[in-house]
Amino acid sequence: MTPPPSRPSDASLDSSERPRLLIWEVTQACHLACTHCRANANPYRHDDELTTVAGKQLLEQTRDFGENQLVVLSGGDPLVREDIVELVDHGTDRGLTMSLTPSGTQSITLERLAALESAGLSGIAFSLDGATAERHDAFRGEPGSFEATIRAIEDAKSLGLPVQINTTVCAETVGDLPAISRLLEDLGVVMWSVFFLVPVGRGQLLDSVDPETAEAVMQWLDALDQSTPYAVKTTEAPHFRRVRRQRRGEGAASADGPRGRHQTGTIAGDGFVFVSHTGDVYPSGFLPRSAGNVRDRSVVDIYRNHPLFEALRDREDRTGKCGVCPFRQVCGGSRSRANAVFGDPLASDPLCPYVPPGYDGPLPWDRSASAEAAVDE
């Protein structure tokens, strides 16, 4: 989500002390059956889901990160929870910047959005994975999802809520990206977050784009970002920052050192933390390695001091070509994708085709192909 002007800028954030973004998956329950769903969501709430009291305790912990910490309530579908307005109100009252990512269902009514806005909601994000109802609804597994999402976008805008759109990039959706970009301009959104598929959950059943296609998409996105009224960013594709620098002839030198890292966005565990519906703390929802549970240990302590998070923040500790890449401080590679494909969150990102000058070691896409062949056998 787009932070309000009062939030600290990336340049002032020390990502070893606080994340730019904390996502709390308030529930896994959802009435959609999206083909890419990380959470394998279903219509039912988990018996061990954080209660209202436990959720408020989590928000109390989160305020220790600092003023205006950005919190996104996600799911599943967060609107499944009857206490969602109460949670937004509690977080806002504690000085947190609260945002929401609901599913595109009939549960998104103008009345509920108005209640959330009155409780202090600062922004909202919806998913669009096709430029037409036919394409989006097929991907989301629910007829009418496109119509409900478009209506919700207009309702949110009428209440003055900034709207972000999230879109998944995979073999099934990549051809529709130009049409989606034009639709978003018509809709008047403030940001487009383009998510490059990580093969976890039901996403394992989809085909990712190959590295060369991903690179071409990022070059197109960078050009698009210069001409659209909305901002463009990527999710689980930090090498978009490398592409931007190369297109501008900037190189990697100005990104060296920790300050450059803090100015250039987030990756799993470094500027980003995820709390599951049962309270487990992960570097990302797409990197499901638990570093503890908020019922037993503060999310602030876990983020700052757990060895997994410390390792992910050390961009000199990568293996393969990511470990010697001159852009490693500005990029860092998708730790979630490395973990999903190779079982190692410090391995090279198999979606990035860039080979550092002088590097002659193994290439991650070769390892990926070998792993797929082994599975096939």
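Basis for what follows: all heavy atoms, side chains included, without hydrogens, waters or symmetry-related copies. If you're wondering where the values come from, they're calculated on a predicted model, not measured in any experiment.
Checked by atom type and distance alone, the side chain of S122 pairs as donor or acceptor with a backbone atom of M98 at under 3.5 Å. Checked by atom type and distance alone, the side chain of K321 never pairs as donor or acceptor with a backbone atom of G361 at under 3.5 Å. Side-chain atoms of D225 come within 3.5 Å of backbone N or O of V232 as a donor-acceptor pair. When atom types are taken as modelled, the side chain of R18 and the backbone of E67 share a donor-acceptor pair closer than 3.5 angstrom. The backbone N or O of F286 lies less than 3.5 Å from no partner atom in the side chain of R337, so there is not a single donor-acceptor pair. Checked by atom type and distance alone, the side chain of D349 never pairs as donor or acceptor with a backbone atom of A338 at under 3.5 Å.
Within a 6.0 Å radius of CG in D296, more than 12 heavy atoms belonging to other residues, nucleotides or ligands are found. In this structure, E134 places its CD atom where only 12 or fewer heavy-atom neighbours from other residues, nucleotides or ligands lie under 6.0 Å away.
By the 6.0 Å and 45° rule, R304 does not stack over the aromatic ring of F65.
Considering D129, T173, D176 as possible partners of R135, the one that fulfils the side chain to side chain donor-acceptor pair (under 3.5 Å) test is D176. For the ring pair (Phe, Tyr, Trp, His ring centres under 6.0 Å) with Y303, the qualifying choice from Y282, F272, F309, F274 is F309, the only one to do so.
Between the side chains of H90 and E60, a donor-acceptor pair is found at a separation under 3.5 Å.
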